[in-house]
There are 2 protein chains.
Amino acid sequence: MQQELKSQLTKQQIVQEAFTLFYEKGFKTTSINDVVKAAKLTKGAFYHHYKNKEQLGLEVIELKVRKRVYDGMILPLSDAGNPMVILEKTFLNRIKSFPFYDKQNGCPMNNFINEIGNYETAYQSALKHIVETWKAALITLINRGKNEKCIKQNISSEAVAVYLISAFEGIRGIRKLYNDDDILNQYISGLKLYLNQLKA
Amino acid sequence: MQQELKSQLTKQQIVQEAFTLFYEKGFKTTSINDVVKAAKLTKGAFYHHYKNKEQLGLEVIELKVRKRVYDGMILPLSDAGNPMVILEKTFLNRIKSFPFYDKQNGCPMNNFINEIGNYETAYQSALKHIVETWKAALITLINRGKNEKCIKQNISSEAVAVYLISAFEGIRGIRKLYNDDDILNQYISGLKLYLNQLKA
DNA sequence: ATAAAAACATACTAGCTGGTATTTTTTATA
DNA sequence: TATAAAAAATACCAGCTAGTATGTTTTTAT
């Protein structure tokens, strides 16, 4: 049993270091050597646990990227309370809580999408799955808001969900280009405006 | 004079082929060999015209990416007519006019932003310049709409401009993950909703 | 205690990377 | 038409790439 624990621990470390490097440098520019160096391991160890670089990429998406989006943007949506307040809080809190590091490097998911989103179907479906889960959670919340009569009935929940996600991911990329938060604050104003119109 | 013409023609061809390859495969994954092969030239020719790969990247952004955004999204904004109609038409026409190739590969600018936006300041400022020009043109149009009383006075033109750009760039990335246009149509619904609230 | 298997390390490969040095070809000018 | 300069081609390099083959060490099971 000690062996399996050790194996899991090693894989965890590889995935962790890989995520960080992919986030900072990009997937394609990060070599397996970079990863094993950061994880204080050797290539032999890596290829004992992973078939190839693609598998590592997929596992990073499944375990790290997915969890990040889930914890930050999806889970808070199922909180109790006024759906409009939850919607506002989730998006605004997330944006406002980002440290400089995260602002500079953008959204890990969006980085993957734009770097390898048109690369291979395996990556596509892994990333699509995260987006779809996010979208579904938003739709559920918006529908609840409609039922509880705090969100207008005559709007498409799907459309709102997709537009919210698009703008969020878009600004996460654009923010990389700037050195200050002006553009982020303008996004926040735009978001508030968008959310206000949804109120019943 | 024939010499300079030849030189310019060669550079044009290099930039053209480089743009296509960067768009399809990404900047970092495209090698100089790939570029000269596509341009039916040799490495010697390339390095006679360009100092290094970075300079090629910058020239592709300046000449190709910039022009693309300018022609498709910025120039139409200065048309005469109702600002709200222009806003709607520009965004919707653009989205609807994309062939499969463009839907699959996303927005060249957004690809660059997310692939090398946190890489070097030279890239950052080149890309930022495009975004700023786009943003400024949108603000001008929205302000005109306010003056002509077809757009609400009490909204921030900057905020709307940034939110529009963010959502557009965001969906261009997300669309890569899908095989059909459902997500694009949902974005369009969300966009229409957003634009409708701006009307005075 | 020992054999097998898992975990990890070392050493290596073929092919590609950006970039350079040098030569050949084309063009401009006198 | 000779000569200089620009344009382009050829041949090369050191360093890196994903991945492999083959060792050594550690853990597990008997």
Side-chain angles (χ1 to χ4, degrees), chain A residues 1-61 63 112 115-116 119-120 122-123, chain B residues 1-61 63 112 115-116 119-123 126:
Chain A
M1 216 53 214
Q2 196 183 333
Q3 201 167 70
E4 197 177 322
L5 189 82
K6 202 180 177 188
S7 169
Q8 279 179 347
L9 239 61
T10 302
K11 286 190 82 176
Q12 255 179 267
Q13 198 174 357
I14 290 172
V15 168
Q16 175 58 49
E17 297 297 336
F19 170 79
T20 305
L21 286 166
F22 293 166
Y23 187 33
E24 291 172 3
K25 316 192 353 163
F27 175 70
K28 289 180 291 195
T29 329
T30 300
S31 70
I32 301 298
N33 269 333
D34 291 337
V35 173
V36 296
K37 212 167 164 185
K40 278 159 193 159
L41 287 165
T42 57
K43 230 167 195 181
F46 174 83
Y47 280 99
H48 176 73
H49 291 284
Y50 293 94
K51 193 189 153 202
N52 49 32
K53 193 184 176 183
E54 185 189 339
Q55 243 190 18
L56 174 63
L58 287 171
E59 201 154 313
V60 166
I61 292 173
L63 298 182
F112 268 106
E115 195 187 344
I116 56 174
Y119 230 51
E120 285 187 44
Y123 293 121
Chain B
M1 215 55 214
Q2 196 184 333
Q3 201 168 72
E4 198 178 321
L5 189 82
K6 199 180 176 186
S7 169
Q8 280 179 345
L9 240 60
T10 303
K11 286 189 82 178
Q12 257 179 264
Q13 198 174 357
I14 290 172
V15 168
Q16 175 58 50
E17 298 296 337
F19 170 79
T20 305
L21 286 167
F22 293 165
Y23 187 33
E24 293 173 2
K25 313 191 357 161
F27 175 70
K28 290 179 293 195
T29 328
T30 301
S31 70
I32 301 299
N33 269 332
D34 292 337
V35 174
V36 296
K37 211 167 165 185
K40 278 160 193 157
L41 286 167
T42 56
K43 231 170 195 181
F46 174 82
Y47 280 99
H48 176 73
H49 292 286
Y50 293 93
K51 195 189 152 203
N52 49 33
K53 192 184 177 183
E54 184 189 342
Q55 245 191 16
L56 173 64
L58 287 171
E59 202 153 312
V60 166
I61 292 172
L63 298 181
F112 268 106
E115 195 186 345
I116 56 175
Y119 228 49
E120 285 187 44
T121 42
Y123 294 120

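Throughout, a chain's letter reflects where its sequence line sits, starting with A, and its residues are numbered from 1. Source: prediction; values computed, not measured.
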task = With the side chain of B:Y47 defined as its heavy atoms from C-beta on, choose the nearest nucleotide among D:dG19, D:dT27, C:dG18.
result = C:dG18
Could you give the [atom1]-to-[atom2] distance, from [X] to [N], as a whole number of Å?
| X | N | atom1 | atom2 | value |
| --- | --- | --- | --- | --- |
| B:K37 | C:dG15 | NZ | C1' | 13 Å |
| A:K28 | C:dG18 | NZ | P | 13 Å |
| B:N33 | D:dC12 | CG | P | 15 Å |
| A:L9 | D:dT27 | CG | C1' | 15 Å |
| B:Q12 | D:dA7 | CD | P | 14 Å |
| B:Q8 | C:dT27 | CD | C1' | 15 Å |
| B:F46 | D:dT10 | CZ | P | 18 Å |
| A:K6 | C:dA6 | NZ | P | 14 Å |

task = Check whether any side-chain N or O of A:E115 sits under 3.5 Å from a backbone N or O of A:K28 as a donor-acceptor pair, and report yes or no.
result = yes
task = Verify, without hydrogens or angle tests, whether A:N52 (side chain) and A:Q55 (backbone) share a donor-acceptor contact under 3.5 angstrom.
result = yes
inquiry  = Go through it in stages, so that I can follow the logic: the residues are B:F22 and B:I61, the test is side-chain contact (heavy atoms from CB on, under 4.5 Å), and I'd like the CA-CA distance, side-chain angles, deciding distance and then a yes or no.
reply    = CA-CA 10 Å; B:F22 293 165; B:I61 292 172; over 6 Å; no
request  = Assess B:K53 against B:F27: is NZ or CZ under 6.0 Å from the centre of the six-membered ring, and within 45 degrees of the ring's axis?
outcome  = yes
ask   = Less than 4.5 Å apart, any side-chain heavy atom of B:V15 and any of B:V60?
value = yes
message = Are A:F46 and A:I14 packed together at the side-chain level, in the sense that at least one heavy-atom pair is separated by less than 4.5 angstrom?
response = yes
request  = Test A:F19 against A:L63 for side-chain contact (heavy atoms from CB on, under 4.5 Å), laying out the working first.
outcome  = CA-CA 9 Å; A:F19 170 79; A:L63 298 182; over 6 Å; no
Are OP1 or OP2 of [N] and a side-chain N or O of [X] less than 4.0 angstrom apart?
| X | N | value |
| --- | --- | --- |
| B:S31 | C:dC16 | no |
| A:T10 | C:dC8 | yes |
| B:S7 | D:dA7 | yes |

key: Stretch residues 48-58 of chain B: residues that reach within less than 4.0 Å of DNA chain D through a heavy atom   = B:H48, B:H49
Between protein and nucleotides 9-11 of chain C, what N or O pairs are separated by less than 3.5 Å?
from, atom 1, to, atom 2, distance (Å)
C:dA9, OP2, A:T42, N, 3.1
C:dA9, OP2, A:T42, OG1, 2.8
C:dA9, O5', A:T42, OG1, 3.4

message = Pairing check on D:dT22: which nucleotide meets the Watson-Crick or G-U wobble criteria with it, both distances under 3.5 Å?
response = C:dA9
Criterion side chain to side chain donor-acceptor pair (under 3.5 Å) against B:K25, the qualifying member of B:D34, B:T20, B:T30 = B:D34
key: Over all atoms of both residues, closest heavy-atom pair of A:Q13 and A:A39   = NE2-O, 3.4 Å
